Amino acid sequence: MALTRLDQLYRQVILDHSSHPHHHGTLAEATNQVEMNNPTCGDVIELQLKMKDNCIKEIRFSGSGCTISTASASMMTDAVLGKTLEEALALADQFSLLVQGKDLENLDDLGDAAILSGVAKFPARIRCATLAWKGLEKALATTNEIKTNEKD
Ligand code: ZN
């Protein structure tokens, strides 16, 4: 019974994020951007970041996806906004382990995204949940390239 109520609460949080996604839209002056798609489900996410002083100063996403991919993108933007590149990549690692069913000791930094741990029970939905986080990793990887080029 208790578990069912908890599941309902989690479901409501996921539905709230998907129907009213946080940081949804586009950035006029993005420093990093990627487009990600998950052909298995048909999810498409465009992710834009504005990096400054090694920090994520702004983040927006757009596109169209299922409930899980949209909620996950919304939760991801909440978790990484204001974080450094290294902190954001560490969170992406944590999230990846979480949806693979690993027990993590401290989930506080993931915020609402920690709720998606239940996705581990539904392998077909794992790609939906990780799409935005993979996009984040890919977008941040382009920062490294820019940095390297600047040094040259
Ligand atoms: Zn999906």
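For ligands, and for the atoms within them, numbers begin at 1 and follow the listed sequence. Computed over heavy atoms, backbone and side chain alike; hydrogens, waters and symmetry mates excluded. Predicted, not measured: the structure shown is a model, and the values here were computed from it.
Pairs engaging residues 17-34 under the salt bridge (charged side-chain N to carboxylate O under 4.0 Å, His left out) rule: Glu29-Lys50 [sequence neighbours left out].
Remark: the backbone N or O of Ala90 is not paired with any side-chain donor or acceptor of Gln94 at under 3.5 angstrom. Remark: side-chain polar atoms of Asn106 are paired, donor with acceptor, to backbone N or O of Asp108 under 3.5 angstrom. Side-chain atoms of Thr130 do not come within 3.5 Å of backbone N or O of Trp133 as any donor-acceptor pair.
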Tabulate below the donor-acceptor pairs under 3.5 Å that side-chain atoms of residues 61-73 make, not counting sequence neighbours, or state none.
{"residue": "Ser69", "atom": "OG", "partner": "Asp43", "partner atom": "OD1", "Å": "3.3"}
{"residue": "Ser69", "atom": "OG", "partner": "Cys66", "partner atom": "N", "Å": "3.1"}
{"residue": "Ser69", "atom": "OG", "partner": "Cys66", "partner atom": "O", "Å": "3.2"}
{"residue": "Thr70", "atom": "OG1", "partner": "Gly65", "partner atom": "O", "Å": "3.4"}
{"residue": "Thr70", "atom": "OG1", "partner": "Cys66", "partner atom": "O", "Å": "3.0"}
{"residue": "Ser72", "atom": "OG", "partner": "Ala129", "partner atom": "O", "Å": "2.5"}

Sequence neighbours left out, cut at 3.5 Å: what donor-acceptor pairs do the side chains of residues 109-123 make with other protein atoms?
{"residue": "Asp112", "atom": "OD2", "partner": "His17", "partner atom": "NE2", "Å": "2.7"}
{"residue": "Ser117", "atom": "OG", "partner": "Ala114", "partner atom": "O", "Å": "3.3"}

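Screening the protein for N, O or S atoms under 2.8 Å from the Zn ion (ligand 1) yields 5; no waters enter the count.
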